[in-house]
Amino acid sequence: MSTPAARVFRRIKALVASYAALSVLTLAAIAVLRHHSGIVNAAVWTRGIIVVLSALLTLRFAASAARGGQRAFLRLRIISGVMVAAIAVIVSLPGTFPVWMKVEQSVCGLLLIGVAVLVNGRQVRSVFAT
């Protein structure tokens with residue numbers, strides 16, 4: 001992989017690693033606060049688990065794409081866009097999720113917007129053009 005693209009992939013991996021770390025920390029907080037019904041409900045548990053799983057998959061796709069994996073690159077492009085859309089829905093839903101989770105999801109969304117912008121940029125896409 002060319003040097004400029006390698007630099008972009010380092011940024012992508014850093015953003016995805018931050019997303020994964022925040023997601024794991026959030027799930028840990030959910031577990032610690034599980035007895036506080038005003039803070040943690042079934043929707044929070046479900047969303048927290050889904051986000052951790054998607055973050056770990058995204059991390060795997062980013063690492064594989066950085067090594068030149070074309071299918072992983074496509075998956076990374078898809079999952080980053082899909083998760084941004086899902087987060088937008090979560091943040092906009094009234095009442096289902098507590099404010100703290102919406103804030104956390106907003107931060108995750110910002111990290112993934114960065115990923116989506118970078119993976120859809122001309123410099124990275126040109127590496128995988130066939």
Side-chain angles (χ1 to χ4, degrees):
M1 188 171 300
S2 67
T3 304
R7 279 195 295 269
V8 173
F9 266 106
R10 278 194 294 278
R11 283 186 268 167
I12 290 168
K13 289 191 303 185
L15 288 168
V16 173
S18 298
Y19 166 55
L22 179 57
S23 300
V24 169
L25 288 172
T26 299
L27 189 58
I30 291 168
V32 168
L33 299 170
R34 68 187 171 274
H35 298 297
H36 299 278
S37 60
I39 297 173
V40 174
N41 58 29
V44 169
W45 270 107
T46 302
R47 181 68 187 160
I49 292 167
I50 290 170
V51 171
V52 166
L53 294 175
S54 75
L56 295 176
L57 274 175
T58 306
L59 194 58
R60 182 176 175 188
F61 297 154
S64 183
R67 290 189 306 270
Q70 202 159 16
R71 290 176 64 124
F73 174 67
L74 177 60
R75 289 178 179 134
L76 181 60
R77 288 181 72 192
I78 292 169
I79 199 168
S80 62
V82 168
M83 287 306 294
V84 167
I87 288 169
V89 170
I90 295 302
V91 170
S92 66
L93 283 176
T96 305
F97 297 95
V99 172
W100 72 267
M101 181 119 200
K102 290 183 179 192
V103 170
E104 181 270 345
Q105 285 292 281
S106 296
V107 173
C108 286
L110 291 172
L111 292 168
L112 287 173
I113 286 171
V115 172
V117 166
L118 291 172
V119 297
N120 288 296
R122 188 176 9 185
Q123 190 172 37
V124 174
R125 280 191 338 236
S126 68
V127 171
F128 293 96
T130 55

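- Looking at heavy atoms from C-beta onward, Leu57 lies out of side-chain contact with Leu53 at the 4.5 angstrom threshold.
- By the neighbour-count criterion of 12 heavy atoms within 6.0 Å, atom CZ of Arg125 is densely surrounded, having more than that number from other residues, nucleotides or ligands.
- At a threshold of 4.5 Å between non-hydrogen side-chain atoms, the residues Val8 and Val127 do not count as touching.
- Using a 4.5 Å heavy-atom threshold, the side chains of Leu112 and Ile87 count as touching.
- Side-chain contact between Val44 and Trp100 is present, with heavy atoms from C-beta onward closer than 4.5 Å.
- Thr26 is not listed as a side-chain neighbour of Gln105, based on a closest heavy-atom distance of 4.5 Å or more.
- Contact of the Tyr19 side chain with the Met83 side chain is registered, since non-hydrogen atoms from C-beta on lie closer than 4.5 Å.
- Panel note: side chain Asn41, backbone Pro98; no donor-acceptor pair is recorded below 3.5 Å.
- A 4.5 Å side-chain heavy-atom check between Leu118 and Leu15 finds at least one atom pair inside the cut-off.
- One finds the OG atom of Ser18 at 13.0 Å from the NZ atom of Lys13 (value rounded to the nearest 0.5 Å).
- Residues Val52 and Leu111 do not share a hydrophobic cluster, clusters being chains of Ile/Leu/Val/Met/Phe/Trp/Tyr side chains in contact below 4.5 Å.
- Of the possible polar contacts, none joining the Ser64 side chain to the Phe61 backbone as a donor-acceptor pair under 3.5 Å is found.
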